[in-house]
Amino acid sequence: MNPDEKYETFRELHCGERPLLLPNAWDHASAALLHRCGFPAIGTTSLGVAAAAGLPDGSGAARGQTLALGRGLARLPVPVSVDIEGGFSDDPARVAALGAQLAQAGVAGVNVEDGLADGTLADPARHAAKVSALKEAAPGLFVNARTDTHWLEADATVAGAARRCAAYVEAGADGVFVPGLVERDDITALAAELGTTPLNVLHSPAHLSYDELAETGVRRISLGSLLFRAALRRAADLALSVAAPDGGTEAPSTVPGYGEVQGLHEVFGQH
């Protein structure tokens, strides 16, 4: 499948009878395994990529690792969408240059967020400028503009998310992503507000199932860092079970949360 076919296929996956379930990989092996499981497209998780490299997520520190992984995963025979945090720069031109590099490698889409490292939201006009720059530099790239209104609990209302989503769509976004939006009525209302623009939400094990989300009108459901965090928990549980005197009969632990994994880079300290 050539890059143009991947672009088109990825767009079509947002228009099917059922929402696109996008699993998120953190390295070549996890992406290849998810492809073998039959998923028609693969995303990446910025937390997984950063944490695997011993770096904090959302800080802009994992640009090199993200670009290298995106280039490698573009060799998969299915579309790949890369999470580029906030674009790894406040300069729209630099964000656009990264998007162009990924597109040239054969990446079908990117996810770019308006949440900042200090826990606040970027100025919507500034984020819209990044979206416009990405589309100008790589017109075929599916730009999924993420707003963290609900993730950061900043203006966490349907109206607040809708205002930012509208600005990003006007700037050229192909789809919008609102992680943390979990209530059925809120999701349904925002999907209706967006009309034909695909709404992407983050799957939350404690809230709506895939089938329930499909009924709200969303077009894409991402797993985010869930698979990476679950893999860490499973690895730790397995190691502890081997070491356990009773042969490992303890029940599995809970999947670590975002904050716990985000703090793992601190174990190594500062040098």
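The analysis underlying the following values was restricted to heavy atoms, covering all of them including side chains, and did not include hydrogens, waters or symmetry mates.
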Peer 1: Locate the shortest heavy-atom distance separating Thr45 from Phe228; write the atom from each residue and the value.
Peer 2: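 Scanning both residues, the minimum pair turns out to be CG2-CB, 4.5 Å.
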
Peer 1: Please output the side-chain donor-acceptor pairs of residues 63-73 that fall under 3.5 Å, not counting sequence neighbours, one pair per line with the distance.
Peer 2:
residue : atom : partner : partner atom : Å
Thr66   : OG1  : Ala62   : O            : 2.8

Peer 1: Asp57 and Ser46: side-chain donor and acceptor closer than 3.5 Å?
Peer 2: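 A pair is found: one side chain offers a donor N or O, the other an acceptor, under 3.5 Å apart.
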
Peer 1: With no hydrogens and no angle check, just 3.5 Å: does a side-chain donor-acceptor pair link His14 and Arg219?
Peer 2: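 Per modelled atom types, His14 and Arg219 side chains form no pair under 3.5 Å.
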
Peer 1: Please list all pairs meeting salt bridge (Lys or Arg N to Asp or Glu O under 4.0 Å) that have one or both residues in residues 132-141, counting only residues at least two apart or in different chains.
Peer 2: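 Checked against salt bridge (Lys or Arg N to Asp or Glu O under 4.0 Å) - neighbours excluded - the pairs reaching residues 132-141 are Lys135-Asp174.
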
Peer 1: Is there a donor-acceptor pair closer than 3.5 Å between any side-chain N or O of Lys130 and the backbone N or O of Ala145?
Peer 2: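 Absent.
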
Peer 1: Is a donor on one side and an acceptor on the other found under 3.5 Å between the side chain of Tyr210 and the backbone of Pro19?
Peer 2: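 Yes, the answer is positive, given that a donor and an acceptor are paired below the 3.5 Å cut-off.
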
Peer 1: Hey, is CD on Glu212 packed in by over 12 heavy atoms from elsewhere, all under 6.0 Å?
Peer 2: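 More than 12 heavy atoms, drawn from other residues, nucleotides or ligands, come within 6.0 Å of this atom.
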
Peer 1: Mind checking what makes side chain to side chain contact (heavy atoms under 4.5 Å, CB included) contact with Ser132, not counting sequence neighbours?
Peer 2: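 By the side chain to side chain contact (heavy atoms under 4.5 Å, CB included) rule, Ser132 matches Ala171.
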
Peer 1: Can you list the residues that meet the ring-ring contact (aromatic ring centres under 6.0 Å, His included) rule with His150, with sequence neighbours excluded?
Peer 2: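 With sequence neighbours excluded, His150 shows a ring-ring contact (aromatic ring centres under 6.0 Å, His included) to no residue whatsoever.
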
Peer 1: Give me each pair satisfying salt bridge (Lys or Arg N to Asp or Glu O under 4.0 Å) with a member in residues 79-94, each pair once, sequence neighbours excluded.
Peer 2: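 Qualifying pairs, neighbours excluded: Asp90-Arg126.
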
Peer 1: Would you give the length of the straight line joining atom CG of Leu223 to atom CG of Leu34, rounded to the nearest 0.5 angstrom?
Peer 2: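 One finds 8.5 Å between CG of Leu223 and CG of Leu34.
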
Peer 1: Can you name the residues that form a side chain to side chain contact (heavy atoms under 4.5 Å, CB included) with Pro40, not counting sequence neighbours?
Peer 2: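 Side chain to side chain contact (heavy atoms under 4.5 Å, CB included) list for Pro40, sorted by chain: Leu13, Leu20.
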
Peer 1: Taking distance alone, no hydrogens or angles, what donor-acceptor pairs closer than 3.5 Å link side-chain atoms of residues 180-195 to residues at least two apart or in another chain?
Peer 2:
residue : atom : partner : partner atom : Å
Arg184  : NH1  : Glu215  : OE1          : 3.4
Thr188  : OG1  : Arg184  : O            : 2.9

Peer 1: What pairs with Ala61 under side chain to side chain contact (heavy atoms under 4.5 Å, CB included), at least two apart in sequence or on another chain?
Peer 2: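 Once residues adjacent in sequence are excluded, the partners of Ala61 under the side chain to side chain contact (heavy atoms under 4.5 Å, CB included) criterion are Leu55, Ser59.
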
Peer 1: What pair of heavy atoms forms the shortest contact from Phe177 to Asn200, and how long is it?
Peer 2: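 Answer, listing the atom of Phe177 first, then Asn200: CD1-O, 3.1 Å.
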
Peer 1: Looking only at heavy atoms, which two atoms of Ala25 and Ser30 are closest? And how far apart?
Peer 2: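 For Ala25 and Ser30, the tightest heavy-atom pair comes out as CB-OG, 3.3 Å.
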
Peer 1: Between NE2 of His28 and CG of Leu76, what distance do you get to the nearest 0.5 Å?
Peer 2: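 If we round to the nearest 0.5 Å, His28:NE2 and Leu76:CG are 8.0 Å apart.
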
Peer 1: Considering only distance and modelled atom types, tabulate donor-acceptor pairs under 3.5 Å from the side chains of residues 111-118, sequence neighbours left out.
Peer 2:
residue : atom : partner : partner atom : Å
Asn111  : OD1  : Asn144  : ND2          : 3.0
Glu113  : OE1  : Arg146  : NH1          : 3.4
Asp114  : OD1  : Asp148  : N            : 2.8
Asp114  : OD2  : Thr147  : OG1          : 2.9
Asp114  : OD2  : Arg164  : NH1          : 3.2
Asp114  : OD2  : Tyr168  : OH           : 2.7
Asp118  : OD1  : Thr120  : N            : 3.0
Asp118  : OD1  : Thr120  : OG1          : 2.6
Asp118  : OD2  : Thr120  : OG1          : 3.4

Peer 1: Of all residues at least two apart in sequence or in a different chain, which pass the side chain to side chain contact (heavy atoms under 4.5 Å, CB included) check with Ala138?
Peer 2: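 Testing Ala138 for side chain to side chain contact (heavy atoms under 4.5 Å, CB included), a comparison that skips the adjacent residues, returns Ala103, Leu141.
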
Peer 1: Any side-chain to backbone donor/acceptor pair from Thr157 onto Gly160? Under 3.5 Å, distance only.
Peer 2: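 Here the side-chain-to-backbone pair exists.
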
Peer 1: Please assess Arg233 against Arg229 for the test side-chain contact (heavy atoms from CB on, under 4.5 Å), listing each intermediate value before the final yes or no.
Peer 2: CA-CA 6 Å; Arg233 182 71 273 161; Arg229 291 183 287 111; over 6 Å; no

Peer 1: So Val201 and Leu208, do their side chains get closer than 4.5 Å, heavy atoms only?
Peer 2: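 A side-chain contact is absent here, since even the closest heavy-atom pair is not under 4.5 Å.
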
Peer 1: Quick check: closest heavy atoms across Asn24 and Gly224, and the distance to 0.1 Å?
Peer 2: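 Smallest interatomic distance, heavy atoms only, reads OD1-N, 2.8 Å.
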
Peer 1: Any pair with a residue in residues 15-43 that passes salt bridge (Lys or Arg N to Asp or Glu O under 4.0 Å), sequence neighbours left out, goes on the list, sorted by first then second residue, please.
Peer 2: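 Qualifying pairs: Arg18-Asp211.
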
Peer 1: Please examine the side chains of Leu227 and Trp26, heavy atoms only from C-beta on, and report whether any two atoms are closer than 4.5 Å.
Peer 2: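 Touching, per the 4.5 Å side-chain cut-off.
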
Peer 1: Looking only at heavy atoms, what is the nearest atom pair of Ala161 and Thr149, with distance?
Peer 2: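 That would be CB-OG1, 3.6 Å.
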
Peer 1: When the ring planes of Phe142 and Phe10 are compared, do they come out parallel, tilted or perpendicular, using 30° and 60° as the limits?
Peer 2: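 Because their plane-to-plane angle is over 60°, the rings of Phe142 and Phe10 count as perpendicular.
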
Peer 1: Could you tell me which residues satisfy side chain to side chain donor-acceptor pair (under 3.5 Å) with Thr9, sequence neighbours excluded, listed by chain and number?
Peer 2: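 Counting only residues at least two positions away or on another chain, Thr9 forms no side chain to side chain donor-acceptor pair (under 3.5 Å).
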
